[in-house]
Amino acid sequence: MPKPQELVAGIDRDRLKKMAEREARRFAASRPRTKAALKAGAEAWLDSVPMHWMKDWPMPFPMVVDRAEGARITDVDGYGIDDFCLGDTGSMFGHSPKPVARAIRKQARRGLTYMLPTEAAMEAGRLLTERFGDFRWQVATTATDANRFALRVARAVTGRPKVLVFNGCYHGTVDDTMVERSNGQTRTRPGLTGQVADLTEVATCAEFNDLASVEAALGTGEIAAILTEPVMTNSCMVLPEPGFHDGLRALATKHGALLIIDETHTISSGLGGYTAVHGLDPDIFVVGKCVAGGMPTAVWGLRPKVAADYLAYNAGRPSGHSGMGTTLSANPMQFACLTATLAEVMTPKAYAHMEKGAERLYSGLKRAIEAHGAPWHVVRVGARVEFICAPGPLRNGTEASMAHMPEVEATVHTALLNRGCLIAPFHNMMLISPATKKRQIDRLVTAFDEILTELLPET
């Protein structure tokens with residue numbers, strides 16, 4: 001038997017290395033057209049790809065996609081792949097849902113952008129309120145922008161400088177949230193590109209599920225808003241403990257801070273997101289990615305009182321640029337896709353299918369882990385499932401960071417892809433869409449079990 005120091009996540013390091021090398025060779029050898037396409041276009045792009053995270057996938061080189069439909073991707077080498085990444089939630093309702101595709105074709109004939117509302121825009125506002133609750137809405141292009149604008153509003157109406165975020169959080173590329181907690185103190189995250197400002201002047205970092213650390217931060221009187229996901233989703237999924245969200249709401253009210261709930265990932269929780277399913281009461285609500293079926297769109301909404309406070313502030317501020325809004329935001333194509341998604345795609349029937357499939361996936365992965373005696377666990381939030389290569393449950397961002405096992409995860413990801421299954425590259429997240437079939441779920445579970453059988457043959 002291997003000695004404990006020779007194991008990583010319960011797996012013998014030599015066996016893991018051999019599998020990693022074999023699976024990488026298999027991927028590279030099977031995709032000559034992909035390799036040629038990347039080489040042909042590399043010179044024009046910074047570091048050879050249009051977006052840096054395209055190289056963060058664990059394969060030797062990125063897949064080049066030919067087309068995608070429903071819950072399947074086909075690459076340029078002709079491989080059909082079951083897609084459980086789904087654009088890391090951007091295509092959570094499947095690739096190119098038919099109502100959205102129809103809306104795009106129809107709007108394309110009427111113009112793409114003109115800085116004025118449409119009838120679809122008015123309908124979208126009604127549907128947003130029907131789906132997510134009583135808020136006064138605005139549109140952005142990304143959830144990053146939506147969070148950035150929401151923070152400006154929070155600072156405007158409270159007159160306070162700081163946002164409270166949680167260790168290990170991710171709210172897009174909002175500068176103010178790029179902090180971490182180290183030895184009980186907030187610090188700017190190391191490794192940020194070109195970072196010159198001290199982010200501790202505008203942000204404080206607490207631990208998720210730790211209301212005492214939240215109250216200590218709020219007690220300074222500096223916090224304009226708490227910005228949080230209902231579930232931590234970006235670094236090994238962490239569920240809220242019972243009473244945590246009620247505690248956040250009570251503490252925010254007590255200390256005069258606003259509560260911002262970012263549902264960009266947790267929209268997987270069910271109809272209306274985690275907020276609706278679990279009865280949360282945010283002052284500001286943010287959601288992006290899949291809200292318009294994959295068309296770059298995000299929305300953020302203010303409760304009526306916060307909206308009134310902001311309008312009063314806005315009426316008295318000096319004239320000039322507010323620092324909010326971008327020219328192509330709230331364009332008619334966004335509204336066409338947003339309306340189609342809210343009315344015809346984001347439905348109770350769709351979520352029922354997603355929930356059922358996610359439970360099938362969760363149960364299958366859990367059975368495989370238990371059968372092989374792996375010291376791993378599985379977490380599910382609605383249609384979102386994640387296996388974590390460490391014991392659980394995890395309580396906060398610090399524990400989530402320690403549970404991240406990059407070399408194991410990279411090997412499993414590549415091995416799954418070689419068996420026709422794609423999962424999210426940055427962690428072990430899988431999504432079930434309304435288009436995902438039982439047979440696709442079962443193929444993933446079978447592939448996962450096959451991989452564990454090789455990595456953990458002792459069991």
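Only a predicted model underlies this, so the values are computations on that prediction, with no experimental measurement involved.
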Taking side chain as C-beta onward, heavy atoms only, is [X] less than 4.5 Å from [Y]?
{"X": "T228", "Y": "I261", "answer": "yes"}
{"X": "D176", "Y": "R148", "answer": "no"}
{"X": "K366", "Y": "I369", "answer": "no"}
{"X": "Y351", "Y": "F93", "answer": "yes"}
{"X": "F285", "Y": "V299", "answer": "no"}
{"X": "V378", "Y": "V385", "answer": "yes"}
{"X": "V214", "Y": "L248", "answer": "yes"}

Non-hydrogen atoms of [X] and [Y] that approach each other most closely:
{"X": "R136", "Y": "A307", "value": "CG-CB, 3.7 Å"}
{"X": "E409", "Y": "A403", "value": "OE2-O, 4.3 Å"}
{"X": "R384", "Y": "D88", "value": "NH2-OD1, 4.4 Å"}
{"X": "V100", "Y": "V345", "value": "CG2-CG2, 4.2 Å"}
{"X": "A276", "Y": "L271", "value": "CB-O, 3.6 Å"}
{"X": "G94", "Y": "P434", "value": "N-CD, 4.4 Å"}

Please check if any side-chain donor atom of [X] sits under 3.5 Å from a side-chain acceptor atom of [Y], or the reverse.
{"X": "Q440", "Y": "T436", "result": "no"}
{"X": "H52", "Y": "D47", "result": "no"}
{"X": "N167", "Y": "T398", "result": "yes"}
{"X": "H265", "Y": "K289", "result": "yes"}
{"X": "T34", "Y": "D77", "result": "yes"}
{"X": "T200", "Y": "T186", "result": "no"}
{"X": "S363", "Y": "R367", "result": "no"}
{"X": "S269", "Y": "T266", "result": "no"}
{"X": "Q195", "Y": "T188", "result": "no"}

Does the [X] side chain pair with the main chain of [Y], one donor and one acceptor, at a distance under 3.5 Å?
{"X": "Q334", "Y": "A330", "value": "yes"}
{"X": "H278", "Y": "L280", "value": "no"}
{"X": "T414", "Y": "A410", "value": "yes"}
{"X": "T158", "Y": "A154", "value": "yes"}
{"X": "T339", "Y": "A120", "value": "yes"}
{"X": "R160", "Y": "I223", "value": "yes"}
{"X": "T347", "Y": "A343", "value": "no"}
{"X": "T297", "Y": "M295", "value": "yes"}
{"X": "T118", "Y": "A121", "value": "yes"}
{"X": "E130", "Y": "R126", "value": "no"}

Counting only heavy atoms from other residues, nucleotides and ligands, does the tally under 6.0 Å from [atom1] of [X] exceed 12?
{"X": "R443", "atom1": "CZ", "answer": "yes"}
{"X": "R110", "atom1": "CZ", "answer": "no"}
{"X": "L46", "atom1": "CG", "answer": "no"}

Approximate separation, where rounding is to 0.5 Å, of [X] [atom1] and [Y] [atom2]:
{"X": "D75", "Y": "I81", "atom1": "CG", "atom2": "CD1", "value": "4.5 Å"}
{"X": "S433", "Y": "H95", "atom1": "OG", "atom2": "NE2", "value": "8.0 Å"}
{"X": "D145", "Y": "T326", "atom1": "CG", "atom2": "OG1", "value": "5.5 Å"}
{"X": "F208", "Y": "L239", "atom1": "CZ", "atom2": "CG", "value": "8.0 Å"}
{"X": "L444", "Y": "R419", "atom1": "CG", "atom2": "CZ", "value": "12.0 Å"}
{"X": "I388", "Y": "S235", "atom1": "CD1", "atom2": "OG", "value": "9.0 Å"}

**OP:** Could you walk me through whether V238 and E399 pass the side chain to side chain contact (heavy atoms under 4.5 Å, CB included) test, one step at a time?
**Re:** CA-CA 9 Å; V238 180; E399 292 183 8; over 6 Å; no

**OP:** Check the pair D281 / H245 against side-chain hydrogen bond (donor to acceptor under 3.5 Å, both in side chains), numbers first and verdict last.
**Re:** CA-CA 9 Å; D281 183 22; H245 281 298; over 6 Å; no

**OP:** Scan T264, D262, T177 and name whichever one has a side chain to side chain donor-acceptor pair (under 3.5 Å) with H171.
**Re:**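 Exactly one candidate clears the test, D262.
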
Subject >> Criterion ring-ring contact (aromatic ring centres under 6.0 Å, His included) on F244 and F166, from CA distance to verdict >> reply: CA-CA 13 Å; F244 177 65; F166 292 105; 5.8 Å; yes

**OP:** Please assess R380 against E386 for the test salt bridge (Lys or Arg N to Asp or Glu O under 4.0 Å), listing each intermediate value before the final yes or no.
**Re:** CA-CA 6 Å; R380 180 169 86 87; E386 186 171 330; over 6 Å; no

**OP:** Start with the C-alpha distance between R187 and D198, add both sets of side-chain angles, then the distance that settles salt bridge (Lys or Arg N to Asp or Glu O under 4.0 Å), and finish with yes or no.
**Re:** CA-CA 8 Å; R187 70 174 186 180; D198 179 4; over 6 Å; no

Subject >> side-chain contact (heavy atoms from CB on, under 4.5 Å) partner of H413, chosen from N418, V408, L422, I423 >> reply: I423

Original post:
Honestly, is R303 close enough over F135, meaning NZ or CZ under 6.0 Å from the six-membered ring centre and within 45° of the axis?
Top reply: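 Relative to the ring axis of F135, which defines the angle, R303 lies inside both limits.
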
Original post:
Please walk me through it: do D442 and R360 pass salt bridge (Lys or Arg N to Asp or Glu O under 4.0 Å)?
Top reply: CA-CA 8 Å; D442 292 344; R360 187 181 187 92; 2.9 Å; yes

Subject >> Derivation of the salt bridge (Lys or Arg N to Asp or Glu O under 4.0 Å) call for R72 and D82 >> reply: CA-CA 5 Å; R72 293 274 286 177; D82 294 329; 2.8 Å; yes

**OP:** Determine, step by step, whether C389 and N428 satisfy the side chain to side chain contact (heavy atoms under 4.5 Å, CB included) criterion, reporting the C-alpha distance in whole Å, the side-chain angles of both residues, the deciding distance to 0.1 Å, and the verdict.
**Re:** CA-CA 9 Å; C389 305; N428 306 315; 4.1 Å; yes

**OP:** Using the test salt bridge (Lys or Arg N to Asp or Glu O under 4.0 Å), find all partners of E207 that sit at least two apart in sequence or belong to another chain.
**Re:**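 Expected list: none.
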
